[in-house]
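Presented below is the structure to which this report refers.
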Amino acid sequence: MNDADVAKQIQQMVQFINQEAEEKANEILVSAEEEFNIEKLQLVEAEKKKIRQEYERKEKQVQVRKKIEYSMQLNASRIKVLQAQDDVVNSMKDVAGKDLLNVSQHHHQYKHLLKDLIVQSLLRLKEPSVLLRCRKDDYHLVESVLHSAKEEYAEKANVYPPEIIVDQDVYLPPAPHHHNAHGSFCSGGVVLASRDGKIVFENSLDARLDVVFRKKLPEVCSINFSY
């Protein structure tokens, strides 16, 4: 092989090496570009995910705030309704309480009412001996109806007439007036108790008014109030 052939062969080898190197370089570039694109896509998706999560977090915060605000407004409305209902009940009770004061002014009717209250109390207690308390102003009226009240109770309960001791040491508070406007008071009626004091039945006019209002309270609360 002469020098020309050797040179030609070397030239071919160089070209082959250069071609191999160029192809390899292109492969590396393509691979690098693919990896870059994949990594870029992953970064973009990761950022998108972070943005979505942040948006969802803020959206949840907004929803929670809306629910809290709605709950606060609802509670405020309920408080207003309850306050309005309470005002109505108290107003009605005040009016009824003032009307009670007139009951004891009609002595003949009040006398019969005291007898009925005593009989009712005896029927509830069913005790052979009881202690009775009344207002000091009502003492003589109570004494005047005791006998008939005991007889009526005995007939209804089919028992012997009970012993009724009227307490002359402790009386029920007097009717309200400007001197004791903020103190305890009693509009009338009686309170009976067993001799040992373990059973007490309050049958004052004020106690009966409280019972009536407790029973009627659901009807009052059903009233609609608008704002």
Side-chain angles (χ1 to χ4, degrees), residues 10-101 120 124 172-173 176 178 180-187 189 191 193 197-227:
I10 292 173
Q11 184 64 30
Q12 290 176 347
M13 292 176 63
V14 170
Q15 288 178 354
F16 176 77
I17 292 171
N18 287 336
Q19 185 178 353
E20 285 288 325
E22 187 175 347
E23 289 177 357
K24 194 65 177 176
N26 288 334
E27 288 178 4
I28 293 172
L29 287 174
V30 170
S31 178
E33 187 173 359
E34 288 178 352
E35 290 179 0
F36 171 76
N37 289 332
I38 292 172
E39 187 174 352
K40 182 176 71 173
L41 183 62
Q42 290 175 342
L43 290 173
V44 170
E45 289 299 322
E47 287 300 316
K48 285 182 179 180
K49 185 177 180 181
K50 286 175 62 177
I51 292 171
R52 282 196 301 269
Q53 289 175 341
E54 182 66 15
Y55 173 79
E56 290 172 356
R57 185 182 67 82
K58 290 183 177 180
E59 187 178 29
K60 287 180 180 178
Q61 287 180 342
V62 171
Q63 293 299 324
V64 169
R65 282 198 297 268
K66 285 183 178 179
K67 287 181 180 180
I68 292 173
E69 290 174 3
Y70 173 76
S71 179
M72 291 175 65
Q73 291 174 358
L74 185 62
N75 287 336
S77 298
R78 285 174 177 168
I79 290 172
K80 287 183 179 180
V81 170
L82 291 174
Q83 184 61 54
Q85 291 173 345
D86 192 51
D87 291 343
V88 169
V89 171
N90 289 334
S91 177
M92 293 171 63
K93 195 171 181 181
D94 287 342
V95 172
K98 291 176 182 178
D99 290 339
L100 281 183
L101 298 177
Q120 184 185 54
R124 291 294 297 270
L172 298 181
H178 64 278
N180 69 333
H182 301 290
S184 59
F185 63 86
C186 177
S187 301
V191 174
K198 291 182 178 180
I199 308 173
V200 179
F201 183 64
E202 284 198 40
N203 217 4
S204 66
L205 299 184
D206 307 284
R208 293 182 67 86
L209 179 64
D210 287 337
V211 171
V212 170
F213 267 86
R214 281 197 297 271
K215 289 181 178 179
K216 292 293 183 181
L217 189 60
E219 295 179 18
V220 177
C221 291
S222 66
I223 299 174
N224 290 323
F225 297 88
S226 58
Y227 296 90

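Since this is a predicted model, take the numbers as computed values, not measurements.
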Roughly how far, to the nearest 0.5 Å, is [atom2] of [Y] from [atom1] of [X]?
{"X": "Arg124", "Y": "Gln120", "atom1": "CZ", "atom2": "CD", "value": "7.0 Å"}
{"X": "Leu43", "Y": "Ile38", "atom1": "CG", "atom2": "CD1", "value": "12.0 Å"}
{"X": "Glu35", "Y": "Gln42", "atom1": "CD", "atom2": "CD", "value": "10.5 Å"}
{"X": "Leu41", "Y": "Glu34", "atom1": "CG", "atom2": "CD", "value": "13.0 Å"}
{"X": "Glu47", "Y": "Lys50", "atom1": "CD", "atom2": "NZ", "value": "4.5 Å"}
{"X": "Asn26", "Y": "Glu23", "atom1": "CG", "atom2": "CD", "value": "7.5 Å"}

message: Show every salt bridge (Lys or Arg N to Asp or Glu O under 4.0 Å) that has at least one partner inside residues 200-212, sequence neighbours left out.
response: Lys93-Asp210
task: Please confirm whether the backbone N or O of Lys67 pairs with a side-chain atom of Ser71, one donor and one acceptor, at under 3.5 Å?
output: no
- request: Dump the intermediate steps for side chain to side chain contact (heavy atoms under 4.5 Å, CB included) on Gln61 and Arg65, then the final yes or no.
  value: CA-CA 6 Å; Gln61 287 180 342; Arg65 282 198 297 268; 4.0 Å; yes
field: Exceeds 12 heavy-atom contacts within 6.0 angstrom, atom CD of Glu39
entry: no
message: Checking Gln53 against Arg57 for the side chain to side chain contact (heavy atoms under 4.5 Å, CB included) test, could you report, in this order, the C-alpha distance in whole Å, the side-chain angles of both residues, the deciding distance, and whether it holds?
response: CA-CA 6 Å; Gln53 289 175 341; Arg57 185 182 67 82; over 6 Å; no
message: Can you list everything that forms a salt bridge (Lys or Arg N to Asp or Glu O under 4.0 Å) with Lys49? Sequence neighbours excluded, please.
response: none
- prompt: Between Glu22 and Asn18, does any side-chain donor sit less than 3.5 Å from a side-chain acceptor?
  reply: no
task: Apply the test side chain to side chain contact (heavy atoms under 4.5 Å, CB included) to residues Glu33 and Leu29: give CA-CA distance (whole Å), side-chain angles for both, the deciding distance (0.1 Å), then the verdict.
output: CA-CA 6 Å; Glu33 187 173 359; Leu29 287 174; over 6 Å; no
task: State, to 0.1 Å, how close Cys186 and Ser204 come at their nearest heavy-atom pair, and which atoms those are.
output: SG-CB, 4.0 Å
- request: Evaluate side chain to side chain contact (heavy atoms under 4.5 Å, CB included) for Glu45 paired with Lys48, printing each intermediate quantity in order.
  value: CA-CA 5 Å; Glu45 289 299 322; Lys48 285 182 179 180; 3.9 Å; yes
